[in-house]
Amino acid sequence: TINLQFHWHFRPQILSYVSLAAMLAIWQRAFQCPEGLYCNLELPVLHRQMQVLWLLPVLLCFWTNSHGGFAAGVAMMIAYHGLVSLQLLCAFGKKAATTVGLLIAVTVASIAGTFLNPYSATLWKFLLAALKLPRPEIADWGPLELWTFESIRFWMLLIVVVGGFAFALRQHRHKILMSQFLSQSILMLLLLWQGMSHCRHLSIVAIVCGFFGPLPLSKLISFATAGFQRRVTERSQGNVDSATQLRGWLPGNLILVAFVVLCSLRLMPRLTDVTVDRTEFPVAAMQFMHNENLHGKVVVTFNWAQYAIGCFAEEHDPERQSLVAVDGRFETCYPREITDIYFDFWLGTDDPKHRYRSPNAPSFDPARALNFYQPDLVLLSREQGPSVREIQKHTSDWVILYQDSMAQLWGRKSVYDMADSRQYFDPARRHISDDVQAGDVSWPALPVRTGDDDRVTFGDSRRMGL
């Protein structure tokens, strides 16, 4: 579960994770066999079990119309169905031809189901073209950093799963080509390669491990438990008194109970409340914009853009509507040449090692975003040095309206700093400080509307830091 945090957000990819879990559940039902060996199951029984696979075309159709992650699901399905087909042919020979034909038919039908979308084959064309583009500027598409504190959870998962599968495959070494664990381990190795190359895929690895890992791990645990029980029996037969045995068991049991209690206490809040970390999202800045009726065309730091869209969408008054320049949907919504304008500003470099620029993009100019379609406001992360330094070069055109420890809000000077402007923002109302942003608020962390009970609130002022 903790490995899901690598790329777990309340965004459309959650539908990919749900669809992946559904596909894995269908596979578990379809390919269930005694002791994980296909040869232990009669072929007609297996064929009847596999009829549940006809749910996959419907699932892939839903997945395609929900999120672009369906392409990963299709790749996994082709790989896994191909591996299982080879194993069935090894286990049953020509008798498995009909069952293998069923797998091929389901695979073809599922791929066909992905074309049932508003764009038909054009969606596949778009996705394949997008996948070819390098994205060095997006951390989620970068490789996993293996030797950091954050990677400990990955190593723990890897050790546990590899240990379970290594033991299970060793037990099946005389019938390894017929072992269900062989195809599962090959699929997980492929996913692991992708997860280490692009850390956003580690959530997929974690979900697959959650379905495939328990059975081989339970075999390892059962083997270890049986060995431990044998040792206890041997010691008891060697006239070891019960009090000595109890003293030997007690420390281990206490440690186990303490671990379970600690995990329960840490997980309990997560089961009752989904939170937004105020050190990662500009909760106070968005509240300030709402309170002071600051709206218009807004350039927002890339990582905050979709949060800003959610906050602005709750402003139902037509006079308070705002537009966000670009966000993480990339080519789904914006031509690459447009996103390049804003990445010039945010990153302050056109070095190919740090970012990809379209060959059709305008010449590199970090200041272009400040004038492109005349934005009214710019919301920046103070940790994003290039954009902060760039806007500070243009204080003749921009004035700072708000600042805390993590965010700055700049307004166009001709709009907010000219006394004759209809939207003039008096300096007395501006909030320039280094107020520390700490703690969390309940998701979705939308600005509080006074007297409106339908809006999610942040909690008390101490949590808000206001």
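Keep in mind that this is a model prediction, so the values were computed, not measured.
Under the 3.5 Å distance criterion, with hydrogens and angles disregarded, no donor-acceptor pair is assigned to the side chains of D351 and T349. For Q87 and S183, the side-chain atoms include at least one donor-acceptor pair closer than 3.5 Å. Between E337 and S358, the side chains place a donor N or O and an acceptor N or O closer than 3.5 Å (distance only, hydrogens not considered). Using a 3.5 Å distance cut-off with no hydrogens or angles, the side chains of H316 and Q321 do not pair a donor with an acceptor. Judged by distance alone, the side chains of T301 and W346 never bring a donor and an acceptor atom under 3.5 Å apart. Inspection of the Y334 and D327 side chains reveals an N or O donor paired with an N or O acceptor under 3.5 Å. Side-chain contact check for R320 and H290: at least one donor-acceptor pair (N or O, by modelled atom type) lies under 3.5 Å. S16 and W63 share a donor-acceptor pair across their side chains, judged by distance under 3.5 Å alone. Inspection of the Q408 and W410 side chains reveals an N or O donor paired with an N or O acceptor under 3.5 Å.
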Before giving the answer on side chain to side chain contact (heavy atoms under 4.5 Å, CB included), spell out for W124 and Y119 the whole-Å C-alpha distance, their side-chain angles and the decisive distance to 0.1 Å.
CA-CA 9 Å; W124 270 108; Y119 309 99; over 6 Å; no
Mind running side chain to side chain donor-acceptor pair (under 3.5 Å) on W193 and H198 for me, showing each step along the way?
CA-CA 9 Å; W193 161 57; H198 311 288; over 6 Å; no
Does W398 form a side chain to side chain contact (heavy atoms under 4.5 Å, CB included) with Y416? I'd like the steps, not just the answer.
CA-CA 9 Å; W398 294 90; Y416 296 103; over 6 Å; no
Start with the C-alpha distance between I78 and I111, add both sets of side-chain angles, then the distance that settles side chain to side chain contact (heavy atoms under 4.5 Å, CB included), and finish with yes or no.
CA-CA 9 Å; I78 293 172; I111 295 173; 4.0 Å; yes
Is there a side chain to side chain contact (heavy atoms under 4.5 Å, CB included) between Q49 and R29? Walk through the geometry before answering.
CA-CA 7 Å; Q49 282 184 190; R29 178 67 184 89; 3.6 Å; yes
Is there a ring pair (Phe, Tyr, Trp, His ring centres under 6.0 Å) between Y80 and F31? Walk through the geometry before answering.
CA-CA 11 Å; Y80 192 55; F31 302 121; 5.7 Å; yes
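Between F330 and F302, the gap from one ring centroid to the other is short of 6.0 Å. Taking the six-membered ring for Trp, F165 and F212 have ring centres at least 6.0 Å apart.
Put simply, CG on L56 and SG on C61 are 12.5 Å apart, with the number rounded to the nearest 0.5 Å. The structure places CZ of R278 at 8.5 Å from OG of S405, a figure rounded to the nearest 0.5 Å. Atoms CH2 and CD, from W27 and Q184 in turn, are 10.0 Å apart once rounded to the nearest 0.5 Å. The distance from atom CG of L377 to atom OG of S322, rounded to the nearest 0.5 Å, is 7.0 Å. Atom CG of N291 sits about 11.0 Å away from atom CE of M286, to the nearest 0.5 Å. For the atom pair F211 CZ and M23 CE, the distance stands at 10.5 Å (nearest 0.5 Å).
When all heavy atoms of L169 and S185 are compared, the closest pair comes out as CD1-OG, 4.0 Å. Across all their heavy atoms, M50 and A30 have their closest contact at CG-O, 3.6 Å.
Residues L158 and V162 meet the side-chain proximity criterion, which asks for heavy atoms closer than 4.5 Å. Side-chain contact between Q403 and S433: absent, with no pair of heavy atoms (C-beta onward) separated by less than 4.5 Å. The side-chain heavy atoms of F281 and W304, taken from C-beta on, include a pair separated by under 4.5 Å. Taking the side chain as every heavy atom from C-beta outward, D397 and L370 never approach each other to under 4.5 Å. The side-chain heavy atoms of V441 and T275, taken from C-beta on, include no pair separated by under 4.5 Å. For the pair M188/F181, no side-chain contact is recorded, criterion being any heavy-atom separation below 4.5 Å from C-beta on. The closest side-chain heavy-atom distance from M76 to I204 is below 4.5 Å. No side-chain heavy atom of V415 sits less than 4.5 Å from a side-chain heavy atom of M418.
Of the possible donor and acceptor atoms, one in the side chain of H295 sits under 3.5 Å from a partner among the backbone N and O of E319.
Counting heavy-atom neighbours within 6.0 Å of H394 NE2, excluding the residue itself, gives a total above 12. More than 12 heavy atoms of other residues, nucleotides or ligands sit less than 6.0 Å from atom CZ of F364. More than 12 heavy-atom neighbours from other residues, nucleotides or ligands sit within 6.0 angstrom of CD on Q392. Crowding of Y373 atom OH: a count of heavy atoms from other residues, nucleotides or ligands under 6.0 Å not exceeding 12.
Residues satisfying the ring-ring contact (aromatic ring centres under 6.0 Å, His included) test with F345, not counting sequence neighbours, are none. Take H431 and apply the ring-ring contact (aromatic ring centres under 6.0 Å, His included) test, not counting sequence neighbours, and it matches Y402.
R357 has a carboxylate O that lies under 4.0 Å from a charged side-chain N of D344, or vice versa, which qualifies the two as a salt bridge. Here D434 pairs with R382 in a salt bridge; the nearest charged N to carboxylate O distance falls below 4.0 Å.
Applying the salt bridge (charged side-chain N to carboxylate O under 4.0 Å, His left out) definition to pairs two or more places apart or across chains, those involving residues 408-423 are D417-R430.
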